[in-house]
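Working notes for the structure below.
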There are 2 protein chains.
Amino acid sequence: MTVTIYDVAREAGVSMATVSRVVNNNPNVKPQTRKKVFEAIERLGYRPNAVARGLASKKTTTVGVVIPDISNAIFAEVARGIEDIANMYHYNIILCNADKKKDKEIRVINTLLEKQVDGLLFMGGAVTDEHLQAFKTANVPIVLCATTDENGTIPSVDIDHEGAAFDAVQTLIKSGHTRIAMICGTLQDPSNGYARFQGYKRALEAAGLPYDETLVRIGNYRYESGVDAMKYFLELETVPTAVFSATDEMAIGAIHCIQDAGLKVPEQISVISVDNSRMASMVRPQLTAVAQPMYDIGAVSMRLLTKLMKKEAVENPRVVLPHEIVNRQSVGSK
Amino acid sequence: MTVTIYDVAREAGVSMATVSRVVNNNPNVKPQTRKKVFEAIERLGYRPNAVARGLASKKTTTVGVVIPDISNAIFAEVARGIEDIANMYHYNIILCNADKKKDKEIRVINTLLEKQVDGLLFMGGAVTDEHLQAFKTANVPIVLCATTDENGTIPSVDIDHEGAAFDAVQTLIKSGHTRIAMICGTLQDPSNGYARFQGYKRALEAAGLPYDETLVRIGNYRYESGVDAMKYFLELETVPTAVFSATDEMAIGAIHCIQDAGLKVPEQISVISVDNSRMASMVRPQLTAVAQPMYDIGAVSMRLLTKLMKKEAVENPRVVLPHEIVNRQSVGSK
DNA sequence: CTGTTAGCGCGTTCAC
DNA sequence: GTGAACGCGCTAACAG
C-alpha cells in the first residue's frame with residue numbers, strides 16, 4: 001500500500017541504508033548511485049515517513065506553541081512571527097489555544113510533550129509552580145513568549161510592560177493632564193494586566209499625582225469593555241481629561257463612547273493605549289499608542305528556541321524588546 | 001534517561017501489553033492491576049511517546065491546516081473554529097501559512113503528509129491540478145475550508161461568495177442607489193476576488209443597471225487599498241453614491257477616506273461589505289455588511305474532517321453555510 | 001484477564 | 001562507497 005524506504009531500495013537495487021543516506025543528503029554516496037535512488041523514488045512516488053524518522057532519530061522538527069487565543073489579533077501577529085521563523089529553520093508548529101486557563105495550559109503542554117516536540121513556545125497567563133513542574137519534566141528547551149515568570153529562570157522574549165505603561169501615562173502627563181483614568185486588564189494577568197497597572201501608578205507617583213481608584217476600571221481587553229469603562233468615567237462628577245487603555249481595542253471602544261456622547265477626541269478627552277495593532281491607524285482620530293512589536297516577539301522567541309534546540313550558545317536568554325510611542329492623533333494637550 | 005512503557009511494566013510487575021491497555025483505556029484490565037499500573041506510571045513519571053504510538057498504530061491524532069495568513073483576522077477566526085473542534089475530538093493541528101502561493105501550498109501539503117497527519121484542512125487560493133495531484137497521493141481525507149475547487153470533487157465548507165456579493169449590492173440597489181462602485185480583491189482569487197466581482201455584476205444586471213468599469217478598483221484586502229480606491233472614486237466626474245467592498249477592512253478604509261474628504265457616510269455615500277468581522281462594529285458609522293460565519297466555517301470543516309477520518313457516512317460533503325445581511329449604519333437610502 | 005511476539009518505517013553503528 | 005542488523009517505543013493480534 002504505502003511505499004517504504006525498503007521498496008525504494010529494491011527498486012534501485014541498493015540497500016535501504018543507501019536510500020536513507022540519499023534522502024538525508026549524506027555525502028558518502030556515489031553520484032551515480034544517488035541518481036539511481038532518486039529515480040526510484042520518483043518512479044514509486046516515495047514519501048519519507050516523518051513519524052518513523054522521528055522515532056529513530058528522536059527528533060520531530062516540530063515545535064509546540066501554546067497561545068492564549070489565535071483569534072486575537074495581537075496573538076495572531078505573534079503566531080505569524082513564530083511560524084515564519086520556524087519555517088525558515090524547517091520546523092513545523094503545533095498550535096494550541098489555551099485561553100490563559102491554567103488547567104488547559106498544563107494539559108496542552110503535556111500532550112505537546114507526548115508528541116515529542118523538539119521545543120516549546122509558551123504564551124499564556126501567569127507561570128505557576130505547576131507550569132514550572134511541567135516544564136521541568138520536559139527534556140526539550142522552552143521559551144516564554146510575550147509572557148514572563150517571576151523568578152526569571154526560563155528563557156523568554158517580551159517587552160517591558162510596566163515601562164510601556166509608564167511611558168504611555170507619562171506622555172499624557174507631559175501634555176498637561178492630571179486627571180488620568182485607566183482601563184485595565186485583569187490584575188491576575190501578570191503582563192497585560194498587573195504590570196501595566198503598576199506602570200500607570202508609578203507614572204502618577206513620579207509626577208506627584210494622586211492615585212484615585214475610582215479612575216480605574218477593569219476590562220476584558222475587548223472593544224465592548226472599553227465602551228463600558230468609558231461610559232462609567234463619563235458619569236463621574238469630574239470627568240477625567242485623559243484615559244490610558246491597556247489595549248488598543250478597549251481604547252477604540254473608549255473613543256467611540258466619547259464621540260457618541262458628543263465629546264471630541266482629543267480636544268476634550270485624550271486617549272492612549274499600549275499595543276499599536278493595525279487597528280490603531282484604522283480609527284478616527286488615529287490612535288496614539290505605545291507599540292509592542294508583536295511579530296518580532298514571535299520571531300525572536302522562535303529564533304531563540306532554534307538556538308536552544310541546536311544547543312548553540314545564547315548570549316542573553318531573557319530578551320526584552322524595545323517599545324516606542326507612536327504619536328498619532330488621539331492625544332492633545334490640556 | 002526517558003522512561004518507557006517497558007520500565008512501567010517492570011515497576012508494576014506486569015507485561016508491557018497490560019500497560020498499553022491501561023494507558024489506552026482498554027476495559028479488559030482488572031481494576032486492581034489497573035491501579036498498580038497507574039501507581040507505577042505516577043511513580044516513574046511516565047509519559048507515553050506519541051511518535052512511537054503513531055508509528056505502531058498508523059494514527060497521529062494530528063491534522064494539517066494550510067492557511068493563507070494567520071495574522072489576517074478573518075483566517076485567524078477560522079483557525080480558532082478549527083482548533084476548538086479539533087480539540088474537542090482530541091486532535092492537534094499543525095498550522096502552516098502559505099500566503100495563497102501555489103508553490104508554498106504544495107510544499108507544505110507534502111511536508112504535512114510526510115508527518116503522517118490523519119487529515120488535511122486546506123484553505124488557500126485557487127485549487128489547481130497540481131493541488132489535486134498532491135491531494136490524490138495523500139491517503140488521508142482532505143477538506144477544503146473557505147475555498148472551493150472548480151470541479152467540486154473534494155469535500156468542502158464555504159459560503160456562496162457570489163451570492164453574498166449579489167445580496168450586498170442588491171441591498172444598495174433597493175435603497176435607491178444606481179451608481180455603485182466596487183472595491184474588489186484580485187480576480188485571481190476565486191472566492192474572495194472573482195466570485196464577489198461576479199456577484200456585483202449580476203446584481204447590476206438583474207436591476208438593469210449598466211456595468212461601468214471605471215467604477216471598479218482592485219485592492220489587496222487591506223485598509224490602505226480601500227483608502228486608495230475611494231480616493232480614486234472621489235475624483236471621478238460623477239462620484240458614486242454607494243460602494244461595495246469585498247472586505248471589511250477595505251470598506252473601513254473607504255469610509256475614512258470619505259470622511260476625511262468632508263463627506264458623510266451614509267448621508268452622501270453608502271458603504272457595504274462582505275465579512276462582518278469584529279471590526280465592523282468598531283467603526284463609526286458602524287458597518288453594514290454581509291456576514292460570513294468564519295468561525296463556523298472552521299468548526300464545520302473540522303467536524304466534517306473528523307467524520308471522514310473515522311470513515312463515518314456524511315450526508316453532504318460539500319456544505320455551503322448561509323450568509324446574512326447585518327444592517328448597521330453605513331447604508332442610507334438615496 | 002494477561003503475556004508473547006511481531007512488526008510499524010527509518011537512522012545508525014559496524015563491518016566489508 | 002555500501003550493506004546487514006539492531007533498536008527507537010509502542011500497538012495489535014494471538015495465545016493462554
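Throughout, protein chains are lettered first and strands after them, A, B, ... in sequence-line order, and every chain is numbered starting at 1.
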Inset, instruction - Could you please spell out the steps behind the salt bridge (charged side-chain N to carboxylate O under 4.0 Å, His left out) verdict for A:Asp103 and A:Arg107? - result: CA-CA 6 Å; A:Asp103 292 354; A:Arg107 189 154 18 98; over 6 Å; no

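- In the set D:dC10, D:dT2, C:dC10, the nucleotide with an atom closest to the side chain of B:Ala52 is D:dC10.
- Residue contacts shown for A:Val14 are limited to sugar-phosphate atoms, with no base heavy atom under 4.0 Å away.
- For B:His131 and B:Phe122, the ring centers sit closer than 6.0 Å to each other.
- Whole-Å rounding puts the B:Glu114 CD to C:dC8 P distance at 20 Å.
- Every side chain to side chain donor-acceptor pair (under 3.5 Å) that A:Lys100 has, sequence neighbours left out, goes to A:Asp189.
- Straight-line distance from the CE atom of B:Met16 to the P atom of D:dC8: 11 Å, rounded to whole Å.
- Relative to the side chain of A:Lys58, the nucleotides D:dT11, D:dC8, C:dT2 differ in distance, and D:dC8 lies closest.
- A:Asn28 comes within 4.0 angstrom of a nucleotide base, judged by non-hydrogen atoms across all strands.
- The nucleotide whose nearest atom lies closest to any side-chain atom of B:Ala56 is, among D:dG3, C:dG3, C:dC8, C:dC8.
- The B:Ser57 side chain lies nearest to D:dA12 when the options are D:dA12, D:dC10, D:dA4.
- Residue A:Ile5 contributes atom CD1, which lies 5 Å from atom P of C:dC10 at whole-angstrom precision.
- Here D:dG1 is the nucleotide among C:dC10, D:dG1, D:dG9 with the atom lying nearest to any side-chain atom of A:Thr33.
- Counting to the nearest Å, the P atom of C:dG3 and the NZ atom of B:Lys30 are 10 Å from each other.
- Set against D:dG9, D:dC10, C:dG11, the side chain of B:Tyr46 has D:dC10 as its closest nucleotide.
- Put simply, CZ on A:Arg10 is 19 Å from P on D:dT2, counting in whole angstrom units.
- One atom, CZ of B:Arg21, and another, C1' of D:dC14, lie 11 Å apart when rounded to the nearest Å.
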